[in-house]
Amino acid sequence: MSDDTQTTRPTSKASGLDGFFRITERGSSVGSEVRGGVVTFLTMAYIIVLNPLILGFVPDSTGAYLGGGTGDGSNLPVIAAGTALVAGVLTILMGAVANFPLALATGLGLNAFVANAIATRSTWEDAMGLIVLEGIIILVLVLTGFRKAVFHAVPQQLKVAISVGIGLFIALIGFVDAGFVTRIPDAFKTTVPVQLGDGGTLTGWPVLVFAIGVVLIIALWVRRVRGAILISIIATTVLAFVVQAVLDLGAAAQEGPGNWSLNVPELNGVVDVPDFGTLGQFSLFGAFSSVGFLAALLLAFTLLLADFFDTMGTMTAIGAEAGLNDEEGIPPHSQRILIVDSVAAMAGGAAGVSSNTSYIESASGVGEGARTGLASVVTGVLFLLSTFFAPLVEAIPSEAAVPALVLVGFLMMQQVRGIDWEDLEIAIPAFLTIVLMPFTYSISVGIGAGFLAYVLIKVVVGKAREVHPLMWIVAALFVVYFAIAPITSWLT
């Protein structure tokens, strides 16, 4: 198989580490790559804590819990170890095979869908088998060239819109994970879906820690301090430890607003022996008998479409931010990136920790200077080490790490100038793509809305022939994607 898109920069004559990763050629250095890899890990490390919380407390249709738990949290370390292991191996693979600064881990959103929409109707083994099957299908689509062909069929300005939308999305992730922005429960029947802090005001010391982190990272960035993002994360983590030592706060999930959003900055040990008990806990075709053939097919389709386009948007945004994309907005070695990402989906299911996918938080490492796969190798190694140093990783609060996402959101937003806002045929689809990603908390929804609007507008203005044939196919698939709930109900 021949590889695809390459950068147009001169071929490097460097050897060894520099030659393999083309570090100098891409205008980077070993130091920048290491810093970038560390920053990406620190902004992603929350998944080691969050994935067990999402998967570990939901019983399947038989009443069993993933990882052999009993609903009391005893299975969380097992899920955490599996989460870190798969993330580490696949992120190293991405760096070594695709030479791209992109990290992978269990996909948020996908894991919640698996826990609440699939496992509750089947067994955990059946649910994970469906993920493995979905990954196999995506890999076939990649190897046959279909996934790459779709990527080429997307208009360049829509690719820019995807990057901008993801920038806003990850900034919102940062604000939400820090408790700076919160969702108002539907039970309150208010017309305001989100609010500042708790009840419209900023509450608690952890939010102040986050705010100081944002101020610090902006100050360091505008002063062009090397290592600004990493320095900010370390400094804010130290501040968080001081605050916790003085005030002894808890986690918001257990003790309410004003406490730490995800994990408490307390050091409860340093090293622990990992238990990889979730590995191999899957049944490839079990879901087809437990929930029915058509229902299983539609569930697999939903997973597939989300994985398919999330990665396309993520790698485009990362490549654009790193300055690696070609004139068509395509990253170097995109075929290899897609292959590794497809394998990650299968690996996540086979390891019993849900589908693994590319993480937009990788942009924080790019903001720190990462331009090659060496940064991903560093991130992957840190994930593997975290299987032993889980107590240390869990001690870094999200309030200290997510200010990086706010800054990176700004950096990615700057690409908006690449869209022709006078051309309504592209401006409206671009607008929908950009705003619906943060508004729906989903990359796939933003992409789908943009694609559908683009095709519809071309038809309305009599330019249907300008729409690439694959865009028609993708638009039709997104119609099914958006209507998946009523279709599933009707068929079952």
Side-chain angles (χ1 to χ4, degrees), residues 31-51 80 83-84 87-88 90-92 94-95 101-106 108 170-171 173-179 206 209-210 212-218 220-221 225-244 260-267 270 318 321 358-370 374-409 411:
S32 295
E33 297 301 311
V34 171
R35 287 197 307 273
V38 172
V39 166
T40 294
F41 171 75
L42 292 176
T43 54
M44 285 179 61
Y46 67 85
I47 192 60
I48 302 174
V49 177
L50 197 55
N51 194 44
T83 300
L90 270 299
T91 300
I92 291 173
M94 178 66 76
L102 188 61
L104 303 97
T106 300
L108 282 175
I170 65 172
I173 290 174
F175 286 119
V176 170
D177 284 354
V209 170
F210 165 75
I212 292 173
V214 172
V215 171
L216 177 60
I217 200 170
I218 291 174
L220 293 173
W221 190 265
V225 175
R226 178 173 293 183
I229 296 177
L230 183 56
I231 292 172
S232 171
I233 292 174
I234 293 173
T236 311
T237 298
V238 172
L239 174 61
F241 268 87
V242 173
V243 170
Q244 178 61 21
W260 301 101
S261 179
L262 295 176
N263 41 322
V264 178
E266 289 181 329
L267 195 57
V270 177
I318 297 299
E321 183 59 30
S358 302
Y359 259 58
I360 192 57
E361 282 87 343
S362 306
S364 62
V366 171
E368 191 57 55
L374 178 58
S376 294
V377 171
V378 171
T379 303
V381 168
L382 291 175
F383 266 118
L384 294 181
L385 289 175
S386 71
T387 62
F388 296 95
F389 294 93
L392 192 61
V393 173
E394 293 171 1
I396 302 174
S398 60
E399 286 83 356
V402 296
L405 300 184
V406 176
L407 175 66
V408 172
L411 296 176

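We count residues from 1, following the sequence as given.
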Next item on the list: Please assess Gln244 against Val264 for the test side chain to side chain contact (heavy atoms under 4.5 Å, CB included), listing each intermediate value before the final yes or no.
Entry: CA-CA 8 Å; Gln244 178 61 21; Val264 178; 3.6 Å; yes
Straight-line distance of [X] [atom1] to [Y] [atom2], nearest 0.5 Å:
X	Y	atom1	atom2	answer
Leu216	Leu220	CG	CG	4.5 Å
Ser232	Ile218	OG	CD1	9.5 Å
Tyr359	Thr40	OH	OG1	12.5 Å
Ile47	Glu361	CD1	CD	8.5 Å
Ser386	Ile48	OG	CD1	3.5 Å
Ile360	Met44	CD1	CE	11.0 Å

Note to self: One pair to check against side chain to side chain contact (heavy atoms under 4.5 Å, CB included): Phe41 and Leu385. What are the steps and the verdict?
What the structure shows: CA-CA 11 Å; Phe41 171 75; Leu385 289 175; over 6 Å; no
I need the minimum non-hydrogen distance between [X] and [Y], along with the two atoms involved.
X	Y	value
Gly213	Thr236	CA-OG1, 3.5 Å
Thr379	Ala103	CG2-CB, 4.0 Å
Ala370	Gly36	CB-CA, 4.1 Å
Ala400	Thr237	CB-OG1, 3.4 Å
Trp221	Gly367	CH2-O, 3.0 Å

Check: Only one of Ile233, Asp177, Val402, Val38 clears side-chain contact (heavy atoms from CB on, under 4.5 Å) with Thr43; which?
Finding: Ile233
Check: For Ser358, which of Ile318, Leu102, Thr91, Leu90 qualifies under side-chain contact (heavy atoms from CB on, under 4.5 Å)?
Finding: Leu102
Notebook entry, point to check: Does the side chain of Leu384 come within less than 4.5 Å of Ile92's, by heavy atoms?
Noted result: yes
Checklist line | Contacts of Ala240 that satisfy side chain to side chain contact (heavy atoms under 4.5 Å, CB included) - sequence neighbours left out | finding: Val209, Trp260, Pro265, Pro397
Next item on the list: Apply ring-ring contact (aromatic ring centres under 6.0 Å, His included) to Phe241 and list each qualifying residue two or more places apart in sequence or on a separate chain.
Entry: none
